[in-house]
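For reference, the structure is listed below as structure tokens.
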Amino acid sequence: QVHPVETGGGLVQAGGALRLSCAVSVRAFNNYDAAWFRQVPGKEREFVAAIGWRGNTDFTASVKGRFTISRDNAKNTVSLQMNSLKPEDTAVYYCTAKWGGANLRLFYSDWGPGTEVTVSS
């Protein structure tokens, strides 16, 4: 069990920025991949960004160049810096983590409660 807890959501105008943080309750977090997903009502949860245990990163196409992901293994945290936000980024954002593997986008099973991000036009 990973028990992620997200913070940092809120309301922001288009073009603005937000930083989401996630605390993960595991030992040896440095061996885990961590990721952010998002979901809007009526749609499936979608992948946003991930950072592997080796520090490699992956982003969905729509956020490349605008979002960055980072981790602090000493604090068991992963952060998502979101810049140049667009109304279509509005969603509930979820953090997750899993033991390090080959695919950064798949095989996550433990989810936090989520944090809501609203981008107004």
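Ring centroid separation for the pair F67 and W36 does not come in under the 6.0 Å cut-off. With ring centers used as reference points, F47 lies under 6.0 Å from F37.
Contact of the R19 side chain with the S79 side chain is registered, since non-hydrogen atoms from C-beta on lie closer than 4.5 Å. Using a 4.5 Å heavy-atom threshold, the side chains of I51 and N56 count as separate. Put simply, the side chain of V12 does not reach to within 4.5 Å of the side chain of T118, judged on heavy atoms. Side-chain contact between V48 and V63: present, with at least one pair of heavy atoms (C-beta onward) separated by less than 4.5 Å. Looking only at side-chain heavy atoms (C-beta outward), V24 and T77 stay at 4.5 Å or farther from each other. Inter-residue side-chain proximity for T96 and Y94 is flagged as unmet; no heavy-atom pair is nearer than 4.5 Å.
Closest non-hydrogen pair, R105 versus D58, comes out as NE-OD2, 2.6 Å. Closest approach of V5 and P113 over heavy atoms only: CA-CD, 4.4 Å. The heavy-atom pair separating W111 from R45 by the smallest distance is CD2-NH1, 2.7 Å. Nearest heavy-atom pair, G9 versus L20, reported as atom, atom and distance to 0.1 Å: N-CD2, 3.6 Å. The two residues G112 and E6 have their closest heavy-atom pair at CA-OE2, 3.3 Å. Heavy-atom minimum distance, A49 versus L80: CB-CD1, 4.0 Å.
Not a single donor-acceptor pair under 3.5 Å links the side chain of N30 to the backbone N or O of W53. T90 places a side-chain N or O within 3.5 Å of a backbone atom of V119 that can act as its donor or acceptor partner. With hydrogens and angles disregarded, no donor-acceptor distance shorter than 3.5 Å links the side chain of D33 to the backbone of A50. Checking side-chain atoms of Q13 against main-chain N and O of S120 turns up no donor-acceptor pair under 3.5 Å.
Here OG of S121 is found 14.0 Å from NZ of K86. Values are rounded to the nearest 0.5 Å. A distance of 11.5 Å separates OG1 in T57 from CZ in R71, rounded to the nearest 0.5 Å. How far NE2 of H3 is from CG of D110: 7.0 Å, rounded to the nearest 0.5 Å. Distance CG/D89 to CZ/R66: 4.0 Å, rounded to 0.5 Å. Separating the CG atom in L18 from the CE atom in M82 is a distance of 4.5 Å, to the nearest 0.5 Å. Residue F29 holds its CZ atom at 9.0 Å from CG of D72, rounded to the nearest 0.5 Å.
By the 6.0 Å and 45° rule, K98 stacks over the aromatic ring of Y108.
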* To do: Take Y32 and W99, measure what ring-ring contact (aromatic ring centres under 6.0 Å, His included) needs, and give me the verdict at the end.
  => CA-CA 4 Å; Y32 282 71; W99 189 261; 5.3 Å; yes
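In summary, of the residues considered (R38, Q39, E116), a side-chain hydrogen bond (donor to acceptor under 3.5 Å, both in side chains) with Y93 occurs for R38 alone.
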